[in-house]
There are 2 protein chains.
Amino acid sequence: MPAEQRQKQLLGVARKLFLKKGYRGTTVEEIVRKAHLTKGAFYYHFNSKEDILLAIFKETSERFYRAFEAVSKPGARPNDFLMTLLSIHKASNLAESRNMVDIWTQGTRIPKIHRYLEKRHQQGIEMFTDCLDRSYGRTRKERRELAIFTFSFYEGLAVRKARWPKVVDIESQLKLFSRLVETLRQGETAKGKSHHN
Amino acid sequence: MPAEQRQKQLLGVARKLFLKKGYRGTTVEEIVRKAHLTKGAFYYHFNSKEDILLAIFKETSERFYRAFEAVSKPGARPNDFLMTLLSIHKASNLAESRNMVDIWTQGTRIPKIHRYLEKRHQQGIEMFTDCLDRSYGRTRKERRELAIFTFSFYEGLAVRKARWPKVVDIESQLKLFSRLVETLRQGETAKGKSHHN
DNA sequence: CTGTTAATACCGACCGGATGGTATGTATAA
DNA sequence: TTATACATACCATCCGGTCGGTATTAACAG
């Protein structure tokens, strides 16, 4: 009944429906029906359908960002970031959703949301780059390239897993990624073996 | 005026519009307007809007598949496949389109299209795996994992490039990918240096 | 304690524009 | 005359958003 609580409830319901049926595939009518309310209530709490989408994006994006901050300690490894991305991905119920990408696309079509996400994305990359252990690349440019590589791979893995769940095995892919990336390390051959685990 | 020609024309127009504005963002009315026709004509040549989407998918998918066949020679390298994927991607005008993923998602929602694409996707992976040079992995399982890795990275790269064009530099990412993957090769250290370029 | 006012939270009928699809008619060519 | 390749008008439905109204509660005045 209090506004804040209702908004959270509606956010939760909308989020579930969007993930299940996509943004356009979900009607405002459905959202309020599932929340045992009516459209009047919805438009009392939100200005538009896009508005609630933005709210959902901010929520999720913030979750990613905070988790990212937690891993961002000096000497971090690409694998740490990738695993963080994947764990948040899973915890946010994005994992089972084939519509995740659809919602993302819808989001980036809306200027306000697009700007917000771009900013967050940039911050993520820079944070990643700055914390990455020096042994993964001599120059900052090299390490930044590796950051983007990791992000790209995460995204591709997520998209592919959502689309063909049976084909992709996340665990194996993670191992392969780790194995490949670890070969980048220089001057760590001596102490390297005792370095991970 | 002849049916076959008209269908190709409509396919071309629809394809452009879908890439520009997304599937749902494009109306049948727009398609026929741009082709200087009317809806009557459209529904004479196609059964539905989904029908023309399926046709477009088959067209594109076939292009990918044939290009893949061309690269699939024994001893192939992951980089060859990745470059092929990216070149077709570009040649099919997917590169500039932020809606590519949207269309894909829309496509996989339609059972008929989903089945078709899944089959093609599987074939691609198996073909890739079978041709991959033995030095990239001892067991077939290992090489298959690498194939999926390559596919995933391609997809992630494409998605990311479409979304944040300024951030992602395809060339650098390709180089990094190549460098990483080449470290997998075993027993090629002696003659390895003269092997690529 | 009572009456008035006002803000909050919500209902439900309705609007209006968009849009996929259809039905009917028609010009042209074989 | 018959099939092809369209045009035109129209339908049915969906859906985001609006708007007038209302129940509830709280604050405050008399």
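Lettering of chains follows the sequences in order, A, B, ..., and the numbering in each one begins at 1.
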Can you tell me how the ring of A/His89 sits relative to the ring of A/Tyr154, calling it parallel under 30°, perpendicular over 60° and tilted otherwise?
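Geometry flag for A/Tyr154 against A/His89: perpendicular rings.
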Side-chain ion pair, A/Glu182 and A/Arg185, N-O less than 4.0 Å
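The answer is yes: the pair qualifies as a salt bridge.
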Over how many whole Å does the gap from [X] atom [atom1] to [N] atom [atom2] extend?
X: A/Glu30; N: D/dG16; atom1: CD; atom2: C1'; answer: 13 Å
X: B/Asp51; N: C/dG20; atom1: CG; atom2: P; answer: 14 Å
X: B/Gln5; N: D/dC6; atom1: CD; atom2: P; answer: 10 Å
X: A/Phe42; N: C/dT8; atom1: CZ; atom2: C1'; answer: 19 Å
X: B/Gln106; N: C/dG20; atom1: CD; atom2: C1'; answer: 14 Å

Hey, which sits more toward the 5' end of DNA chain D by its nearest nucleotide, A/Val28 or A/Gly40?
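Between the two, 5'-proximity favours A/Val28.
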For B/Met127 versus B/Ser72, what's the shortest heavy-atom pair and its separation?
SD-OG, 3.2 Å
Please determine whether a side-chain nitrogen or oxygen atom of [X] lies at a distance below 4.0 Å from atom OP1 or OP2 of [N].
X: B/Arg6; N: D/dC6; result: yes
X: B/Tyr44; N: D/dA5; result: yes
X: B/His45; N: D/dC6; result: yes

[X] side chain, from C-beta outward: closest of [options]:
X: A/Leu37; options: C/dG21, D/dG17, C/dC11; answer: C/dC11
X: B/Ala3; options: D/dC15, D/dA5, C/dG21; answer: D/dA5
X: B/Ser48; options: C/dC11, C/dG21, C/dG20; answer: C/dG21

Which part of the nucleic acid, if any, lies within contact of B/Thr27, taking any heavy atom under 4.0 Å across all strands shown: a base, the sugar-phosphate backbone alone, or nothing?
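Counting heavy atoms under 4.0 Å across all strands, the contact made by B/Thr27 is with sugar-phosphate only.
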Is the cationic atom of B/Arg143 (NZ for Lys, CZ for Arg) positioned less than 6.0 Å from the six-membered ring centroid of B/Tyr136 and within 45 degrees of its normal?
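Because its charged atom misses either the 6.0 Å distance or the 45° angle limit, B/Arg143 does not stack over B/Tyr136.
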Is it the case that the base of D/dG16 and the side chain of A/Lys39 share a donor-acceptor contact (distance under 3.5 Å, atom types as modelled)?
yes
